[in-house]
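When a residue number appears, it is its place in the shown sequence, counting from 1.
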Amino acid sequence: MSHSLPAYRPFALEGDELRDAVLRYATNPLYLDNEDWQNHDNPYRRQLRPQVLRHLDFSKPPARADILNYSSLAAGRLLTSIYEADLVFLPKSGLGDRAEDFHRYYDPGNRALGEAIRPALERYAFGFLDEEVDVSGPWTKESFLAYVESLDAGAATGPSRTEQAILSSTDRERAARMWLIQLAPDFLSEASPMIRNVLGNYGAAQSEWFKIIIDEYGYGVHATKHSRLYEQTLESVGLGSDLHRYWQYYLNSSLLMNNYFHYLGKNHELFFRYLGALYYTESSLVDWCRHAVSTLTEVFGDRVDTTYFTEHVHIDQHHGRMALEKLLLPVLEEHGESVIPEMVRGIEEYRALLEVSDQDFAAQIAWMDGQPECRKLHAPVHEAITSGRINPPLADIVEPFGELSNTHCHDGDELCHIVSGTMKFVSGFDSHVILEAGEGVVILKNRLHGAIIESDECVYQIYSVGDHTSCLS
């Protein structure tokens, strides 16, 4: 007896079906806009701005030039929430009145909705890397080893854009805290993504990888667990160490970096890619951590706890060698040279993301430092509008006291003009200006910002001015 079955078709949502599924996921009460700038000891709250998601299309990945646009930030926030439903988070002060949020976050329906939209969001978030990275050509063990040696991943380097941005900032402590906040999504649950890849059974390499994870978890001693060491770093400079307290201040690229390793770990077809990224991470982190210690010490002096970073300077010299000699090379020998392009892709994709992150953070600090200039620029740009020299799209907005515009970014330059009332305009952690009637600020493309109304009512206008410098010519 024969049975007629439909042809196999891989699962994928797109278009209106995808948009509806994203909106259904994001309307969980956990994901609605916040009434405060911070999430206080509640690891389940993640503001996803569902009122905006209905207007976004995640069907086609953006080009490299557009990956810091708002749609990518929205996708990054969604993916972080989806990935972390596999992890166990409990509030530091006990579950208490967060029990309902706990059940909502780990509810099977919430997780199933997240999994349904995850493949499309991953394609949207990381699709640009397909064009950014080329690993074509013949690969052999010998050419792979030559390539790895050419990376010189453990070599001393000069200061990064991030380091330069912090040390040259008009408020170095604020800039350094903003940087530490960017690392929190990864470092407060460190090694969680890679644990996904030590499940199952694939021989001796599995046990070698588990040794690295054991190190990350402090060999079972909580005081030396790497995430606990990072909590102490945050606390030493006056920051909270509860998970996602500073969700509102995560940059697009910070979520991209953190999500990348969840992406590799969640999708086991990318196993060999993760091996390459792991090698480069462990090898390059030694020099990166030396720079971190130097920068933080110069900014905060003796009061900053840098144990997290000094521990990595020590342990990752071993981890880099271990990843190559005990993981990558044995896996290559066992499974053949066909796995090399994926290993190389993992290295090169991670390096590309590092570059994106470095540029994005430096630009955000320049934006935060430059608020006085952006405020001054309001007058000539607004005059260009009122004189009729330009006629940009306009949105008139009226909001009541306490209305919080959760952080977001725009895909082009915008002008915010206050008609009446008072607005606190926020451009990053501990960075804001107070805007009164007749005042305003130019909002630069891709820069994270938000606002809160501090008068009974505020009437303001948002003009999409594109390249604001053209308004002054």
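Side-chain N or O atoms of S236 include one that pairs as donor or acceptor with a backbone N or O of T233 at under 3.5 Å. Counting only distance, with no hydrogens or angles, the side chain of D358 and the backbone of R161 share a donor-acceptor pair below 3.5 Å. Using a distance-only test at 3.5 Å, with no hydrogens or angles considered, no donor-acceptor pair links the side chain of Q47 to the main chain of W247. No donor-acceptor pair under 3.5 Å is formed between the side chain of S143 and the backbone N or O of W139. A distance-only check finds a donor-acceptor pair linking the side chain of Q206 to the backbone of V198 [under 3.5 Å]. One N or O on the side chain of Y105 and one on the backbone of S81 form a donor-acceptor pair closer than 3.5 Å.
Minimum heavy-atom separation, T224 to L229: O-CD1, 4.0 Å. Minimum heavy-atom separation, L353 to Y260: CD1-CG, 3.4 Å. Contact between R98 and D41 at its shortest, heavy atoms only, is NE-O, 2.6 Å. Closest of all the heavy-atom pairs between R174 and D369 is NH2-OD1, 2.9 Å. Closest approach of L32 and A26 over heavy atoms only: CD2-O, 4.3 Å.
Note: R46 CZ to N28 CG = 11.0 Å, rounded to the nearest 0.5 Å. Here the CG atom belonging to D430 is positioned 7.5 Å from the CE atom belonging to M368, to the nearest 0.5 angstrom. Note that CG of N259 and OG1 of T80 are 3.5 Å apart. Values are rounded to the nearest 0.5 Å. For the atom pair OG (S405) and NE2 (H449), the distance works out to 8.0 Å, reported to the nearest 0.5 Å. To the nearest 0.5 angstrom, N39 atom CG is 5.0 Å from N34 atom CG.
Between the side chains of S72 and N252, not a single donor N or O lies within less than 3.5 Å of an accepting N or O. When only modelled atom types and interatomic distance are considered, Y263 and E349 share no side-chain donor-acceptor pair under 3.5 Å. Between the side chains of R177 and Y246, not a single donor N or O lies within less than 3.5 Å of an accepting N or O. Looking at Q364 and Y249, their side chains never bring a donor and an acceptor atom within 3.5 Å of each other. Neither side chain, E231 nor S241, offers a donor N or O lying under 3.5 Å from an acceptor on the other. There is a side-chain donor-acceptor pair under 3.5 Å between Q248 and T407. A side-chain N or O of R196 and one of H262 form a donor-acceptor pair less than 3.5 Å apart. Side-chain N/O atoms of S431 and S427 include a donor and acceptor closer than 3.5 Å. The closest side-chain donor-acceptor pair between D186 and Y230, if any, does not fall under 3.5 angstrom.
Annotation: salt bridge (Lys or Arg N to Asp or Glu O under 4.0 Å) contacts involving residues 233-261, sequence neighbours excluded, comprise R228-E235, D242-R245. Among residues at least two apart or in separate chains, salt bridge (Lys or Arg N to Asp or Glu O under 4.0 Å) pairs with a member in residues 52-77 are R64-E132.
Crowding of E131 atom CD: a count of heavy atoms from other residues, nucleotides or ligands under 6.0 Å not exceeding 12. More than 12 heavy atoms of other residues, nucleotides or ligands sit less than 6.0 Å from atom CD of E373. D302 CG: 12 or fewer foreign heavy atoms inside a 6.0 Å radius.
A salt bridge links E100 and R104; the closest N-O separation between the charged side-chain nitrogens and carboxylate oxygens is under 4.0 Å. Classification of R447 and D360 as a salt-bridged pair holds, one side-chain N sitting under 4.0 Å from a carboxylate O. Salt bridge annotation for E333-K141: present, with a cationic side-chain nitrogen under 4.0 angstrom from a carboxylate oxygen.
Here the two rings, on Y274 and W209, have centers that are under 6.0 Å apart. Aromatic ring centres of F261 and Y350: separated by under 6.0 Å. Residues F271 and Y202 bring their aromatic ring centres within 6.0 Å.
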Check your understanding: Taking it one step at a time, do E282 and K326 satisfy salt bridge (Lys or Arg N to Asp or Glu O under 4.0 Å)?
Key -> CA-CA 13 Å; E282 299 293 341; K326 302 294 185 179; over 6 Å; no

Check your understanding: Checking ring-ring contact (aromatic ring centres under 6.0 Å, His included) for the pair F187/H226: CA distance, chi angles, key distance, verdict?
Key -> CA-CA 8 Å; F187 292 178; H226 288 183; 9.6 Å; no

**Study point:** side chain to side chain contact (heavy atoms under 4.5 Å, CB included) assessment of W367 paired with C374
**Key:** CA-CA 8 Å; W367 153 249; C374 288; 3.8 Å; yes

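Ring orientation note: the planes of W179 and F309 are close to parallel, at an angle under 30° on the 30°/60° scale.
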